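Predicted, not measured: the structure shown is a model, and the values here were computed from it. Naming convention: chains lettered A, B, ... in sequence-line order (proteins, then strands); numbering from 1 in each chain.
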2 protein chains.
Amino acid sequence: MTDDDRVFKALADPTRRFLLDLLFAREGRTLTELESEVEMTRFGVAKHLKLLEEAGLVVVRRSGREKLHFLNPVPIRLIHDRWIDKYTERHITALVDLKNALGDET
Amino acid sequence: MTDDDRVFKALADPTRRFLLDLLFAREGRTLTELESEVEMTRFGVAKHLKLLEEAGLVVVRRSGREKLHFLNPVPIRLIHDRWIDKYTERHITALVDLKNALGDET
DNA sequence: TTGACATGTGACCTTTTGGTCACCTAACTT
DNA sequence: AAGTTAGGTGACCAAAAGGTCACATGTCAA
């Protein structure tokens with residue numbers, strides 16, 4: 001699996017995107033803290049965090065018995081630059097092409 | 001499932017991203033034509049195209065016995081604006097925050 | 001009008017994913 | 001030292017995803 005693929009797959013789950021949102025709002029949270037914000041057991045959350053970590057979207061620091069989670073936006077940046085940008089640049093022209101291709105039935 | 005979720009899930013599969021790339025290069029292709037570019041039977045490709053269509057990423061026009069596929073970049077634009085942008089804006093500051101949080105062990 | 005071509009459908013199968021749980025270790029607290 | 005708290009592991013399960021196939025429909029071409 002490529003790096004990009006790992007990132008896209010990590011972003012495909014709404015719970016994981018929500019976890020990223022939580023870390024966006026405040027970084028350095030522990031597993032237990034994140035667990036309390038989600039309707040799911042600790043184990044489920046831990047699995048999601050692991051996938052996010054493997055995708056490079058979350059970085060972790062151990063502090064005693066706690067595990068602190070930090071957001072890393074770089075992979076999102078990368079898929080943005082390498083992939084998404086390409087599709088969002090053609091705004092107008094693409095829509096016009098499409099409309100022409102489909103004919104003008106409003 | 002939300003619209004955003006459908007789009008993220010649609011983008012999560014490499015074959016589907018490849019199909020979008022094909023349509024990006026040239027729109028208006030038929031199923032058979034797309035099939036020939038992928039190591040997969042017609043049925044698999046048709047399933048992927050259906051998901052892309054349900055996510056609004058692909059629009060279709062029937063022409064006789066053929067089905068022509070067109071790219072619609074709008075949903076990508078939307079998740080870009082509503083979600084990805086938020087994470088890619090904080091470039092520098094986020095990295096600095098992270099580095100500070102992690103300590104300075106280079 | 002017969003045959004070839006383009007696509008659709010539903011059954012089916014295997015692998016992956018999302019989630020839980022019992023049990024374990026390590027680290028604080030008192 | 002004993003109890004409590006934070007987290008990790010592996011087994012397990014149900015549901016969803018990815019893919020194939022047999023068969024069926026509609027359309028074009030000779």
Atom CG of A/L49 and atom C1' of C/dG19 are separated, to the nearest Å, by 14 Å
In whole angstroms, the gap separating C1' of D/dG26 from CZ of B/R62 amounts to 8 Å
The salt bridge (charged side-chain N to carboxylate O under 4.0 Å, His left out) partners of B/D5 (sequence neighbours excluded) come to A/R17, B/K9
Sorted by chain and residue number, the ring pair (Phe, Tyr, Trp, His ring centres under 6.0 Å) partners of B/H80 (sequence neighbours excluded) come out as A/H80
Residues of residues 6-18 of chain A with a heavy atom under 4.0 Å from any atom of DNA chain C, listed by number, are A/K9, A/D13, A/R16
Rounded to whole Å, the CZ-P distance (B/R61 to C/dA6) equals 17 Å
Heavy-atom check, side chain of A/T2 versus side chain of A/F8, under 4.5 Å: no
What are the atom names and distances for every N/O pair under 3.5 Å that joins the protein to nucleotides 26-30 of chain C?
| from | atom 1 | to | atom 2 | distance (Å) |
| --- | --- | --- | --- | --- |
| C/dA27 | N3 | A/R65 | NH1 | 3.4 |

- Show your reasoning for whether side-chain contact (heavy atoms from CB on, under 4.5 Å) applies to A/K67 and A/L31. CA-CA 7 Å; A/K67 197 175 176 182; A/L31 169 59; 5.5 Å; no
Under 3.5 Å, sequence neighbours excluded: what are the donor-acceptor pairs made by side chains of residues 40-58 of chain B?
| from | atom 1 | to | atom 2 | distance (Å) |
| --- | --- | --- | --- | --- |
| B/T41 | OG1 | B/F43 | N | 3.4 |
| B/H48 | ND1 | B/R16 | NH1 | 3.0 |

To the nearest angstrom, the NZ-P distance between B/K50 and C/dT7 comes to 17 Å
Self-check item: A/L11 and A/I79: CA distance, side-chain angles, deciding distance, side-chain contact (heavy atoms from CB on, under 4.5 Å) verdict
Solution: CA-CA 11 Å; A/L11 294 179; A/I79 63 166; 4.0 Å; yes
- Task: Step by step, work out the side-chain contact (heavy atoms from CB on, under 4.5 Å) result for B/L34 and B/L23.
- Result: CA-CA 9 Å; B/L34 292 168; B/L23 293 180; 4.1 Å; yes
A/K67 NZ to D/dT9 C1', in whole Å, measures 12 Å
How about A/D81 and B/T88: do any of their side-chain heavy atoms sit closer than 4.5 Å?
no
Residues in residues 31-48 of chain B with a heavy atom under 4.0 Å of DNA chain D, by number, are B/M40, B/T41, B/F43, B/G44, B/K47, B/H48
Rounded to the nearest 0.5 angstrom, the CG-CD distance for A/D21 and A/E37 is 11.5 Å
Q: Would you confirm whether B/T30, through its side chain, and B/E33, through its main-chain N or O, come within 3.5 Å as a donor-acceptor pair?
A: yes
Separation of C/dT16 atom C1' from A/E54 atom CD, nearest Å, is 14 Å
| message | With side chain to side chain donor-acceptor pair (under 3.5 Å) as the criterion, how do B/N72 and A/Y87 come out once you've worked through the C-alpha distance, each side chain's angles and the decisive distance to 0.1 Å? | response | CA-CA 9 Å; B/N72 179 24; A/Y87 289 94; over 6 Å; no
